[in-house]
Protein chains: 2
Amino acid sequence: MFRLDDLDERIVSALQRDGSLSSAALAEVVNASPASCWRRVKALEEAGILGPTVRIVKPESLGRGLDVFCQIRMKSQDAAARMDFQRVLEAEPTILEVYSISGEWDYLLHLAVRGMADYEEILMHRILAHHSVAQASSVFALRRVKHTNVVPV
Amino acid sequence: MFRLDDLDERIVSALQRDGSLSSAALAEVVNASPASCWRRVKALEEAGILGPTVRIVKPESLGRGLDVFCQIRMKSQDAAARMDFQRVLEAEPTILEVYSISGEWDYLLHLAVRGMADYEEILMHRILAHHSVAQASSVFALRRVKHTNVVPV
DNA sequence: CAGAAGGTGAAATGAATGTTTCGTCTTGAT
DNA sequence: ATCAAGACGAAACATTCATTTCACCTTCTG
């Protein structure tokens, strides 16, 4: 496992917040030389710690203003059924996150949809339509209070 | 509201997946000229559709491998109490997402923590310690099945 | 049909960028 | 205390980049 010193931590922290920083700009932020920053960024990338650079888009600005959380119970836990179901989830682009969870339910899904009608359509035809889904329970977000990608270092 | 044509959509889609694309590289991906891409990206930024560029870091690679979902019920719904509570949530960096939700609970939190002991500490001292929290219910992710930031365009 | 308005691609610009090299310094092991 | 190994910052490099200009083309309006 990769050991991060303070400088690495400052670099990871800075790049999580602004991935467009050049080596020179980053160097200024974290108080080091551009060359050093460049080498460390390369190393952190190869260690798999620094992942891809992406553009953040707020769902609402693309008309996907409704966040839904949907819990799923399966009819059976057999591996093949789960795999097949997961492939369906993977293929549905409004489903942003899927977790297999502890407790009374098997999966927790997070979707960003256009509205209720849109969600109803997806729930019925993409999710409940699957043969190994037994039950679903939906919760709707009234407001997005906090939302960040920044993992504390 | 901003109307996106096909080219805009291809640009937003490409940049959501790779925010490090230069105008020239982007142009190749979406089949347009670098100049055109540059102008459109600028416009999309000013319209607030293209948000910040960030580096993705997998929580597990920083030792934060446990995803927890925590539902909260408040003692009262008065605005001052909610505001105060939300400030606390904002200040806790292991809390990545907070939604105010419909149904039997008031909030849904998503945290990325180091492990159970870490979570217990945060739940007790940061969350339940707050005077207007009545009850909490925690669900633990067994596995991250899907996780994307890409909002379908 | 005429003409304005706006979007387009190609080319040109100077500035900024990634990347390497090198001599020095730090550090940890013996 | 000595040594080797590795990390460091400064400088130099060619390359790539963002940004502007310009002439052309499309597409609506009257």
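Throughout, a chain's letter reflects where its sequence line sits, starting with A, and its residues are numbered from 1. Here the structure is a predicted model, which means the values were calculated and not measured.
- Ranking C/dT8, C/dG18, D/dC17 by closeness to the B/S36 side chain, first place goes to C/dT8.
- For the OP1/OP2 pair of D/dT19 and a distance below 4.0 Å, the side-chain nitrogens and oxygens of B/W38 include at least one atom meeting the criterion.
- The nearest whole Å value for the distance from the CG atom in A/L44 to the C1' atom in D/dA7 is 14 Å.
- Straight-line distance from the CG atom of B/L7 to the P atom of C/dT8: 7 Å, rounded to whole Å.
- For the pair A/S23 and B/C37, nearest-nucleotide mapping onto DNA chain C gives the more 5' position to B/C37.
- By the 30° and 60° cut-offs, the orientation of the rings of A/H110 relative to A/F69 is parallel.
- When each of C/dG9, C/dT17, D/dA18 is scored by its nearest atom to the side-chain atoms of B/S33, the top-ranked nucleotide is C/dG9.
- Rounded to whole Å, the distance from CG on B/D5 to C1' on D/dT27 is 14 Å.
- Distance A/I11 CD1 to D/dA7 P: 13 Å, rounded to the nearest Å.
- The neighbour count for A/Q77 CD, taken as heavy atoms of other residues, nucleotides or ligands under 6.0 Å away, is above 12.
- Considering only side-chain atoms of B/K42, the nucleotide from D/dC8, C/dG18, D/dT19 that sits closest is D/dT19.
- When rounded to the nearest whole Å, the span between CG of A/L26 and C1' of C/dA16 equals 16 Å.
- Nearest nucleotide to the B/A24 side chain, out of D/dC17, D/dC8, D/dT20: D/dC17.
- The nearest whole Å value for the distance from the CG atom in A/L15 to the P atom in C/dG18 is 11 Å.
- If you take CG of B/L21 and P of D/dA18, they are 10 Å apart, rounded to a whole angstrom.
- Here the nucleotide nearest the side chain of A/R39, chosen from D/dC17, C/dC22, C/dG9, is C/dC22.
- Rounding to whole angstrom units, CG of residue A/D8 and C1' of D/dC8 are separated by 14 Å.
- Of the possible polar contacts, one joining the A/R17 side chain to the A/S13 backbone as a donor-acceptor pair under 3.5 Å is found.
- Toward the 5' end of DNA chain C, the nearer of the two residues A/A35 and A/A25, judged by each one's closest nucleotide, is A/A25.
- From A/C37, atom SG reaches atom CG of A/N31 across 9.5 Å, with rounding to the nearest 0.5 Å.
- A donor-acceptor pair under 3.5 Å links the side-chain atoms of A/K75 to the main chain of A/H131, judged by distance alone.
- Distance from the side chain of B/S22 is smallest to D/dC17 among D/dA7, D/dT19, D/dC17.
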